[in-house]
Amino acid sequence: MNTVSTVRKVGIVGWGAIGRTVGTALADGRVEGAELVCVVDNRPLGDAAPAPQVPLEEALELCDLIVEAAGQGVVREWGERVLASGTDLLVASSGAMTDEELAKRLLATGPGRVYFTGGAVGGLDLLQAARSLGPLDDVRLTTTKLPSTLEQPWMDEELLTRMRTATGPVEVMTGTAREIPAKFPRSTNVAASVALAVGDLDTVRVRVVADPAAHHTRHVIEASGAHGAYRFEVAHLPDPGNPATSQVVPYAVLRGLAALAGRTGQIL
Ligand SMILES: NC(=O)C1=CN([C@@H]2O[C@H](COP(=O)(O)OP(=O)(O)OC[C@H]3O[C@@H](n4cnc5c(N)ncnc54)[C@H](OP(=O)(O)O)[C@@H]3O)[C@@H](O)[C@H]2O)C=CC1
Ligand SMILES: O=C([O-])CC(=O)C(=O)O
């Protein structure tokens, strides 16, 4: 049987740290089988974007794959409409999936398909495979970042002062993957990604640490069950423009796009 090869028409929502790098690579033809067709962003981009800037409604007519690199709100507001229009959706802001009702609807809506980037963490493929053997009953994620990247509007003065004057690591919050990504929406999507991999938001216990010495963002995933134990640790340079985001994240998105565009030799 011949495989019919079609070029994926990609639209990017969010022209920020992730979107710019992904969009530029696509526009430069660095992902075979995928082209950048349009860009969606809050702000007028003028000549800064290498493809026309359009409203999201219009992007659904132009694209067969939307990359969300804007924030959890876009997944909440647009996710179902994207999928219902027959457009696939590759999500960076996986923290939106902590809303279980939304998550159920996104997984049930089509004909478009929803995908998630592994983003800043690794090992999710193996955790998802291991979970088929039985539940992973002890799962922990420790995320350590520069204090400024973890500041949130809901924090009280006492906590903000503790973070701003810290001379070493400060525990900012502990909770489950159901709670944490909503509290740090631009900084802890990885907690929801781990939960997607292990299949349960409440099993994943998350510790968020602010460290003024964290020139590298660290994520440590530890998981165990009756059949095995797993530990994945990463240390990334932050993106210089948006230090809440690790520099590697757009490359994780590009790797996902290459797989969706049918690249041969891909590690799945
Ligand atoms: N899974 C993972 O490992 C990771 C996931 N993320 C997720 O990806 C998101 C994007 O990250 P990053 O690129 O670093 O963020 P940036 O803040 O650098 O860029 C986001 C861009 O999206 C725009 N935007 C926000 N809301 C909308 C909207 N409703 N419609 C159109 N454009 C919008 C922003 O505009 P404006 O500034 O005007 O709002 C900004 O230009 C993060 O918010 C986070 O949720 C990030 C890092 C890792
Ligand atoms: O980029 C990272 O290190 C993680 C991140 O911001 C997120 O999960 O939202």
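Ligands are counted one by one from 1 in listed order, and the atoms in each one are counted from 1 as well.
- Residue contacts with ligand 1 for N189 involve side-chain atoms from C-beta outward but no N, CA, C or O (heavy atoms, distance under 4.0 Å).
- By the 4.0 Å N-to-carboxylate-O rule, R140 lies too far from E222 to be salt-bridged with it.
- Enclosure of atom CD in E32 is not indicated, since only 12 or fewer non-hydrogen atoms of other residues, nucleotides or ligands lie within 6.0 angstrom.
- Counting heavy atoms closer than 4.0 Å to ligand 1, residue N42 contributes atoms from both its backbone and its side chain.
- Only the backbone of T188 comes within 4.0 Å of ligand 2, counting heavy atoms alone; no side-chain atom from C-beta on gets that close.
- The part of V190 lying near ligand 1 is the side chain, judged by heavy-atom distances below 4.0 Å.
- At a 4.0 Å heavy-atom cut-off, ligand 2 touches A120 through the side chain alone.
- Closest protein heavy atom to atom 3 (O) of ligand 2: S246 OG, 2.6 Å.
- Looking at P185 against ligand 1, only its backbone comes within 4.0 Å, counting heavy atoms.
- With distances taken over non-hydrogen atoms, the option nearest atom 8 (O) of ligand 1 out of I18, I12, T21, N242 is I18.
- Given atom 9 (O) of ligand 2, the protein heavy atom at minimum distance is N189 ND2, 2.8 Å.
- Here A70 has heavy atoms under 4.0 Å from ligand 1 in both its backbone and its side chain.
- Here E77 has no heavy atoms under 4.0 Å from ligand 1, in either its backbone or its side chain.
- Ion pairing between D64 and R8 holds under the 4.0 Å rule for side-chain N and carboxylate O.
- With a 4.0 Å cut-off on non-hydrogen atoms, T217 touches ligand 2 through its side chain and not its backbone.
- Contacts with ligand 1 closer than 4.0 Å are made by no heavy atom of F116, backbone or side chain.
- Counting heavy atoms closer than 4.0 Å to ligand 2, residue P181 contributes nothing at all.
- When non-hydrogen atoms are compared, ligand 2 lies under 4.0 Å from the backbone of R186 (N, CA, C, O) but not from its side chain.
- Taking the six-membered ring for Trp and thresholds of 30 and 60 degrees, Y230 and F232 have nearly parallel ring planes, at less than 30 degrees apart.
- Proximity annotation for atom 9 (C) of ligand 1: of G241, S93, S246, S93 comes nearest, heavy atoms only.
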